[in-house]
Amino acid sequence: MTSLVNNPADFPKELVQGFIQANSRYVREVFGGVVRSTQSKPGKVVIISGGGTGHYPGFLGWVGTGLIDGAVTGNIFSSPSASQAYSVAKAVDQGAGVIIAFLNYAGDVLHFGQAAEQLRAEGIDAREAVVTDDVASAPITERHKRRGITGGLPVFKMASAAAEAGLSIDEVLEVFNRANERVRTFGVAFSGCTLPGASHPLFEVADGTIGVGLGVHGEPGIYETELGTADEVAKLLVDRLLEDVPDNPGTRVAVLLNGLGSAKYEELFVTYTSVTKYLNAAGIDIVEGEVGEFMTSLDMGGVSLTLTWLDDTIEPYYFAPCNTPAYKRGPLLDPLLPDDVVFNTEPEGLVVRAPGSAESQAAAQQIARGLAQVKSLLLEKMEELGDLDAIAGDGDHGVGMERGSRAAAEAAEWLAAEGAGAQSTLVGAGSRWSENAGGASGALWGAALTAAGNALGDNEAIDAAAQARAIRAFIESIQRLGGAKVGDKTMVCAQVPFADAFEAAAADGKSTAEAWAIAAKAATIAAEATAQLEPKIGRARVLAQRSLGYADPGAVSFGMIVSTMAALFEPTPTN
């Protein structure tokens with residue numbers, strides 16, 4: 001888990017201190033935890049919660065206007081003491097009663113229960129309220145035994161909004177219990193979490209598997225199964241939750257996809273696309289969707305899915321404003337766009353505005369065949385190019401080139417089949433390469449293919465001289481946009497020798513096939529020679545010394561591509 005640790009025993013205390021110092025406009029310190037720094041309305045019902053640390057933004061991050069009034073903080077995954085809970089409750093009491101809400105773990109039940117008894121002994125109307133949203137921890141017939149996990153956030157949110165609206169403590173509890181009855185959570189883990197200072201995780205998940213039905217205190221899942229795709233994990237989560245719906249559920253649902261500590265936001269968004277697909281297929285109306293970290297378990301790898309089945313009673317409280325360090329919801333300042341305002345969500349479609357000449361169409365078909373070969377080549381070499389790029393760059397060259405070439409090949413195939421000439425085919429392929437590859441190389445390759453196409457036209461003859469002009473336009477476009485020159489250790493170091501060799505061969509009367517073969521060999525030799533150079537521009541420049549002895553990935557991939565293209569011009573052997 002944690003690299004940034006002082007004394008592991010002090011980790012919980014120090015993280016709370018850091019949180020307070022970073023969020024002084026939201027919270028103030030009190031013995032046992034934190035309370036909101038904003039003034040509460042006199043006579044307001046207050047809600048506190050808490051538990052062990054290690055779940056941020058759980059508890060601490062939810063303190064603020066419109067959400068809980070205070071959070072009690074224990075040690076990592078350990079319940080706070082009764083005296084801590086009592087102290088936080090006393091600090092926020094406004095005379096209308098205190099609800100101590102928690103997540104149904106044994107230590108919390110005992111300590112928070114003791115605090116409530118102490119408050120009642122002093123004449124304070126203290127109530128306990130328990131979240132039981134985890135469908136994996138007990139059957140529906142024993143819902144009172146279920147753990148509370150990520151569903152605590154929407155339950156606390158709705159109950160807190162009811163308290164903020166001035167409801168009595170009995171009415172706030174009714175909202176709390178109704179919300180709890182209509183919230184369900186299910187989760188999976190890819191890896192266990194490691195306590196600060198520990199040498200190994202609390203549990204391990206075998207490679208290629210997931211633990212199903214995890215807890216948030218480092219508990220493993222109730223069983224393990226094969227780790228599938230994001231789509232398969234989403235289906236597992238949705239299917240299990242749709243097996244366990246509240247009475248009279250309706251179809252309006254708020255969805256919360258939660259990362260448990262080390263799942264990246266990018267992974268969560270990918271998974272959420274599948275979650276929405278399966279919920280929509282089941283006839284569910286997704287009223288609100290949220291993706292992020294809401295209740296973590298240190299560095300546990302995994303996700304949980306929470307569904308809140310809204311109804312007329314709790315929905316207004318779900319959307320009521322709140323302002324806390326980690327969770328905010330405010331009123332819309334501007335009206336929503338009308339439903340009939342629709343934006344284009346797809347790239348502009350490929351269009352053949354006029355067919356090319358017969359010769360240009362033949363060239364377009366050869367371009368399409370060449371790009372198809374390049375696509376296969378770059379798929380095969382993707383990891384190799386990525387590893388080479390990672391030596392002094394960000395390691396994305398192989399992935400970007402594969403994505404760009406795949407999109408370009410698909411575009412060229414369609415355009416050539418529709419009768420496009422060489423120019424239209426290369427321009428369309430370049431557009432798709434740029435859109436899909438990303439990064440600087442994607443933009444450069446897209447622009448270069450477009451420049452080459454413009455040099456060829458859709459009706460002109462495509463001889464060696466025309467190809468030489470197109471190749472030169474290709475390279476000049478990259479030099480103009482990227483600003484690189486030979487010697488800077490970029491793909492230009494292989495491209496300029498390629499263009500020079502092709503032009504010389506064409507001027508010498510060589511056939512197109514011979515010119516391609518000669519130029520491709522020159523590019524490959526030049527690409528290999530970049531190993532002795534230090535990069536002068538681009539990201540690799542920062543780690544220039546590290547790249548010595550390794551060829552530039554852009555130059556290498558260019559050499560591979562033109563060698564593949566050259567093979568297309570070789571005459572087919574005859575028997």
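One is the number of the first residue; the rest follow in order along the sequence.
- A salt bridge links Glu288 with Arg329: the distance from a Lys NZ or Arg NE/NH1/NH2 to an Asp or Glu carboxylate oxygen falls below 4.0 Å.
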For the pair Val275 and Leu279, evaluate side chain to side chain contact (heavy atoms under 4.5 Å, CB included) and give the outcome as yes or no after the intermediate values. CA-CA 6 Å; Val275 168; Leu279 288 174; 3.8 Å; yes

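- With respect to Arg406 and Glu410, no salt bridge is recorded, no charged nitrogen being found less than 4.0 Å from a carboxylate O.
- Remark: Asn248 CG to Asp311 CG distance equals 9.5 Å, nearest 0.5 Å.
- Checking side-chain atoms of Ser49 against main-chain N and O of Phe59 turns up no donor-acceptor pair under 3.5 Å.
- A salt bridge links Arg36 with Glu164: at least one charged nitrogen is closer than 4.0 Å to a carboxylate oxygen.
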Assess the residue pair Ile169 and Arg127 against the criterion (side chain to side chain contact (heavy atoms under 4.5 Å, CB included)); give the C-alpha distance rounded to whole Å, side-chain angles, the decisive distance to 0.1 Å, and a yes or no. CA-CA 9 Å; Ile169 192 168; Arg127 315 284 185 92; 3.5 Å; yes

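- The pair Arg252-Asp285 meets the salt-bridge criterion, since a charged nitrogen lies less than 4.0 angstrom from a carboxylate oxygen.
- Atom CD1 of residue Ile48 and atom CD1 of residue Ile99 lie 10.5 Å apart, to the nearest 0.5 angstrom.
- Judged by distance alone, with hydrogens and angles left aside, the side-chain atoms of Asp396 form no donor-acceptor pair with the main-chain N or O of Val399 at under 3.5 Å.
- The number of heavy-atom neighbours closer than 6.0 Å to NZ of Lys328, taken from other residues, nucleotides and ligands shown, is above 12.
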Determine, step by step, whether Glu290 and Tyr327 satisfy the side-chain hydrogen bond (donor to acceptor under 3.5 Å, both in side chains) criterion, reporting the C-alpha distance in whole Å, the side-chain angles of both residues, the deciding distance to 0.1 Å, and the verdict. CA-CA 11 Å; Glu290 297 181 89; Tyr327 192 79; 2.9 Å; yes

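- Between Phe558 and Trp445, the angle of the ring planes lies from 30° to 60°, which puts this pair in the tilted group.
- Counting heavy atoms from C-beta on, the side chains of Asp552 and Lys489 come closer than 4.5 Å.
- Using a 4.5 Å heavy-atom cutoff, the side chains of Val63 and Ser37 are not in contact.
- Checked against Pro249 for a side-chain contact (heavy atoms from CB on, under 4.5 Å), the options Asp247, Val245, Val253, Thr251 give a single hit: Val245.
- In this structure, CD1 on Ile210 lies 6.0 Å from CG on Leu227, to the nearest 0.5 angstrom.
- In this structure, a donor-acceptor pair under 3.5 Å is present between the side chains of Tyr278 and Asp231.
- Side-chain contact check for Tyr26 versus Leu60: every heavy-atom pair is 4.5 Å or farther apart.
- With respect to the salt-bridge test (charged N to carboxylate O, under 4.0 angstrom), the residues Arg120 and Glu128 qualify.
- Annotation: Glu383, atom CD; neighbour count of heavy atoms from other residues, nucleotides and ligands within 6.0 Å does not exceed 12.
- Under 3.5 Å, the side chains of Asn6 and Glu14 contain a donor-acceptor pair of N or O atoms.
- To the nearest 0.5 Å, atoms CZ (Phe294) and OG (Ser304) are separated by 9.5 Å.
- Note that CH2 of Trp309 is 13.5 Å distant from CD of Glu315, once rounded to the nearest 0.5 Å.
- For the residue pair Thr73/Thr53, the side-chain donor-acceptor check at 3.5 Å is not satisfied.
- In this structure, Ser87 contributes its side chain and Ser83 its backbone to no donor-acceptor pair below 3.5 Å.
- At distances below 3.5 Å, at least one donor-acceptor pair connects side-chain atoms of Asn280 with backbone N or O atoms of Thr276.
- Side-chain atoms of Ser297 never come within 3.5 Å of backbone atoms of Met300 as a donor-acceptor pair (strictly under, hydrogens ignored).
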Taking it one step at a time, do Thr308 and Arg182 satisfy side chain to side chain contact (heavy atoms under 4.5 Å, CB included)? CA-CA 6 Å; Thr308 302; Arg182 300 182 68 83; 5.5 Å; no

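- Counting only distance, with no hydrogens or angles, the side chain of Asn180 and the backbone of Thr132 share a donor-acceptor pair below 3.5 Å.
- Residue His144 places its NE2 atom among more than 12 non-hydrogen atoms of other residues, nucleotides or ligands, all under 6.0 Å distant.
- In this structure, Glu384 pairs ionically with Lys381, as a charged nitrogen and a carboxylate oxygen lie closer than 4.0 Å.
- Around CD of Gln17, the count of heavy atoms belonging to other residues, nucleotides or ligands within 6.0 Å exceeds 12.
- Other residues, nucleotides and ligands contribute only 12 or fewer heavy atoms inside 6.0 Å of the CD atom of Glu226.
- Using a distance-only test at 3.5 Å, with no hydrogens or angles considered, a donor-acceptor pair links the side chain of Ser78 to the main chain of Ile76.
- A donor-acceptor pair shorter than 3.5 Å cannot be found between the side chains of Glu117 and Tyr86.
- Centroid-to-centroid, the aromatic rings of Phe102 and His111 stay 6.0 Å apart or farther.
- In this structure, the side chains of Thr225 and Thr209 stay at 4.5 Å or more apart for every pair of heavy atoms.
- Within 6.0 Å of NZ on Lys277 lie more than 12 heavy atoms contributed by other residues, nucleotides or ligands.
- Using modelled atom types, one side-chain atom of Arg240 and one backbone atom of Val135 make a donor-acceptor pair closer than 3.5 Å.
- The number of heavy-atom neighbours closer than 6.0 Å to CZ of Arg403, taken from other residues, nucleotides and ligands shown, is 12 or below.
- Contact annotation: the side chain of Thr150 approaches that of Leu256 to within less than 4.5 Å [non-hydrogen atoms, C-beta and beyond].
- With respect to the salt-bridge test (charged N to carboxylate O, under 4.0 angstrom), the residues Arg178 and Glu181 do not qualify.
- The shortest distance between side-chain heavy atoms of Val183 and Thr306 falls below 4.5 Å.
- Side-chain contact of Ser262 with Asp299: a donor-acceptor pair under 3.5 Å is absent, judged by distance alone.
- Ion pairing between a basic and an acidic side chain is recognised when a charged N comes within 4.0 Å of a carboxylate O; Asp244 and Arg184 show such pairing.
- Within the 4.5 Å cutoff, the side chain of Leu4 has no heavy atoms near those of the Phe11 side chain.
- Considering every non-hydrogen atom in both Ala234 and Thr271, the closest pair reads CB-O, 3.8 Å.
- Rounded to the nearest 0.5 angstrom, Lys157 NZ and Ile47 CD1 are separated by 10.5 Å.
- The side-chain heavy atoms of Gln84 and Ser81, taken from C-beta on, include a pair separated by under 4.5 Å.
- Of the candidates Val205, Leu305, Val303, Leu260, Val188 forms a side-chain contact (heavy atoms from CB on, under 4.5 Å) with just one, namely Val303.
- Under 3.5 Å, the side chains of His397 and Ser557 contain a donor-acceptor pair of N or O atoms.
- A donor and an acceptor atom, one from each side chain of Asp133 and Thr185, are located under 3.5 Å apart.
- In this structure a side-chain-to-backbone donor-acceptor pair under 3.5 Å is present from Asn177 to Leu173.
- Within 6.0 Å of CG on Asn7 lie more than 12 heavy atoms contributed by other residues, nucleotides or ligands.
- Looking at Glu232, its side chain does come within 3.5 Å of a backbone N or O of Thr229 through a donor-acceptor pair.
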Between Phe176 and Ile314, is a side chain to side chain contact (heavy atoms under 4.5 Å, CB included) present by the stated rule, with each step listed? CA-CA 9 Å; Phe176 184 103; Ile314 63 173; over 6 Å; no

